[in-house]
Amino acid sequence: MVFNLTKRHLILSIVILTISTRLCAQDWNGLRFLGHQTGKTTFNSTEIKDVFKAKYTFWQNKLPVIICLPQSQSEEAKEICEKIYGKSVDEVKKFWLAQVFQGRSRSPQFFNTPEEMASFIAKTPGAIGVVRVNSNMQLSQAITLQVN
Amino acid sequence: MASTTDIIKIRKTQWLAATLVFIHSISGMQAQERNTQLRVYGHLQYNLENVDQISNSEELHSYFSFGEQDFFVTSNITDRLSFLGESVIRYDNNTATKFAPSIERAQLKFDYSGNHSLIVGKMHTPVNYWNDVYHHGRLFFPTIDRPTSFSYFIPLHSLGLRLQGQNLGHWNWGYDVCASNGIASTDIYDDASSKALMAAIHCKPIEGLRAGVSYFNDYMPTNITGAHVGHSSVNKEYAGAINFELMCASLAYFGKRLEILYEGGYNITQTDSLGSAENQSHFGVIGWKIKEKYVPYALVDFMDISDRELHSVPIDVLKIGLGFRFDFNYQTSLKLQVERYELSQIHLDHIHNQNRFDFKVQLAYGF
């Protein structure tokens with residue numbers, strides 16, 4: 001009986017440890033990345049920044065890269081721009097304005113709320129976006145990406 | 001045999017599935033509706049000059065000017081096909097309304113593989129950083145005016161085909177290869193059977209830095225400038241054939257604080273009359289960003305066109321200036337610039353000199 005309780009506790013501990021590790025790996029610098037059919041579900045920090053800086057036109061699965069960002073007036077815009085681009089919100093907006101003006105990139109999609117962004121990503125193959133970890137929303141595990 | 005209850009359940013399931021498919025398709029259509037965008041760019045300017053540019057007499061001129069209004073449209077037609085159009089309306093004294101429209105860019109881009117694309121249509125010839133990046137958007141210009149060479153020997157536009165690659169490899173290499181109607185062509189016809197050819201390569205080894213070189217060649221059976229060249233200072237007294245070569249080098253760095261842009265051009269024109277003429281231009285601007293929005297800068301713009309030149313006109317220009325740029329936000333910027341402008345030109349067998357000071361203020365916007 002004692003042995004069975006110990007074994008049950010051990011299994012439960014392993015499960016809890018695995019879940020908490022996975023949650024920590026999904027959160028990068030206070031941000032969580034969402035993606036749908038991006039060809040891969042795990043990125044390193046350099047790769048994820050390259051994606052958001054318009055380095056890639058297509059994923060490896062041939063789907064177009066569709067960048068999703070918060071609207072400049074949203075609460076998380078400033079934090080996301082600083083952590084991913086190292087720039088202010090205005091500088092990021094001008095970066096994308098210039099990219100599209102040069103004909104080198106397609107315009108990102110901008111969203112007022114994380115829920116809107118998640119909903120768009122869930123139904124758009126190739127879309128990738130970013131939200132703050134403390135966003136009060138239930139995120140589908142199917143679209144959450146892992147960044148190391 | 002299925003019972004009535006089973007049939008009702010099946011029908012309900014089928015109805016629900018059909019509804020879900022319909023809602024999904026509408027959502028997809030709404031997502032596609034986001035893909036066509038129209039933007040407008042423009043500028044307004046104030047100028048103060050101490051020399052009359054026509055009579056070359058010392059007179060103070062103070063005036064406002066209405067800049068180009070740029071209508072910019074993009075559309076994602078499919079996942080791999082997109083359209084870009086840029087139409088400009090500018091002042092033109094030769095029209096009844098005093099304004100004339102112009103299609104500056106109209107191109108279809110096909111992303112055929114990864115970061116490689118095929119572009120067809122009218123485009124800005126990617127001979128240097130400025131023409132490839134800034135186009136007609138004064139909002140993006142680091143200074144008030146373009147380099148002087150743009151008015152004399154830079155082939156601004158090309159109508160044809162372009163192979164483009166970008167962000168390739170560790171140093172983010174890019175390339176452009178163009179075959180297009182020549183300098184003497186119009187938007188609907190080119191008298192020359194040979195096409196203008198251009199090849200350019202650049203790299204972006206660190207964030208904010210881009211370095212590149214290009215080569216452009218065009219054989220013009222007659223010395224005229226059509227719709228593409230952008231420069232009007234053509235030698236109308238020479239109508240013979242010209243072989244036109246241009247080599248450009250660009251270095252651009254726009255960092256957190258430091259901003260540097262250098263554009264160099266080396267142009268060789270070859271005629272049977274006078275042989276080779278070698279022309280060169282050097283444009284440099286250096287700025288320092290203060291608190292993100294404020295950028296004081298200094299510029300030098302030098303151009304030397306040979307006395308043997310027959311395509312353009314023999315002229316030497318030196319412009320040095322100091323400026324200040326204030327970016328209200330990403331959509332509006334104000335630039336103030338004071339310049340010393342010196343020009344020396346051979347005209348009707350005598351040397352025509354013009355030295356003047358200019359003060360300019362430009363408000364550029366985009367939305």
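Model, not experiment: these values are computed from the prediction. In the text below, chain A, chain B and the rest are named by the order of the sequence lines, each starting its count at 1.
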Chain B contact via A:Val100 - side chain, backbone, both or neither, heavy atoms under 4.5 Å:
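Both parts, backbone and side chain.
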Over 12 non-hydrogen atoms of neighbours within 6.0 angstrom of [atom1] in [X]:
X	atom1	answer
B:Lys293	NZ	yes
A:Lys78	NZ	no
A:Gln71	CD	yes
B:Tyr294	OH	no
B:Ile103	CD1	no

Under 4.5 Å from a heavy atom of chain A, the part of [X] involved:
X	value
B:Thr74	side chain
B:Ser75	neither
B:Arg39	side chain
B:Asn131	neither

For B:Lys109 and A:Gly103 the tightest heavy-atom approach is NZ-O, 2.8 Å
- Task: Provide the closest heavy-atom pair for A:Leu97 versus B:Leu139 in the form atom of the first, atom of the second, distance.
- Result: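 Closest approach of A:Leu97 to B:Leu139, heavy atoms only: CD2-CD2, 4.0 Å.
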Most contact-rich option vs chain A, by heavy-atom pairs under 4.5 angstrom, among B:Gln331, B:Glu207, B:Glu292, is B:Glu292
From the list B:Phe140, B:Phe72, B:Tyr330, B:Tyr41, the residue making the most non-hydrogen contacts under 4.5 Å with chain A is B:Tyr330
Taking a cut-off of under 4.5 angstrom between non-hydrogen atoms, the residues of residues 48-55 of chain A near chain B are A:Lys53, A:Ala54, A:Lys55
Next on the checklist: Do the side chains of B:Asp132 and A:Arg104 get close enough for a salt bridge, i.e. N-O under 4.0 angstrom?
Outcome noted: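 Salt bridge flag = yes for A:Arg104 with B:Asp132.
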| field | Heavy-atom check, side chain of B:Gln166 versus side chain of A:Gln102, under 4.5 Å | value | no
Notebook entry, point to check: Are A:Lys94 and B:Asn329 close enough that some pair of their side-chain heavy atoms sits under 4.5 Å apart?
Noted result: no
*Give a yes or no on whether the backbone of A:Gly86 and the side-chain of B:Lys256 come within a donor-acceptor separation of less than 3.5 Å.*
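Flag set: sc B:Lys256 to bb A:Gly86 pair under 3.5 Å.
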Report task. Look at the side chain of A:Arg106 and the backbone N and O of B:Asp79, then say whether any donor-acceptor pair between them is shorter than 3.5 Å. Result -> yes
Please tell me whether B:Asp111 and A:Thr57 have a donor and an acceptor in their side chains that are separated by less than 3.5 angstrom.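 A:Thr57 and B:Asp111 do not have a side-chain donor-acceptor pair below 3.5 Å.
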Would you please indicate if the ring centroids of A:Phe101 and B:Tyr134 are separated by under 6.0 Å?
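No, too far apart.
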**Q.** Partners passing salt bridge (Lys or Arg N to Asp or Glu O under 4.0 Å) against B:Glu68 (at least two apart in sequence or in another chain)
**A.**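 Expected list: B:Arg90, B:Arg138.
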query = When heavy-atom pairs shorter than 4.5 Å are enumerated against chain B, which of A:Phe95, A:Phe58, A:Trp59 gives the highest number?
reply =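 Max contact count across the listed options: A:Phe58.
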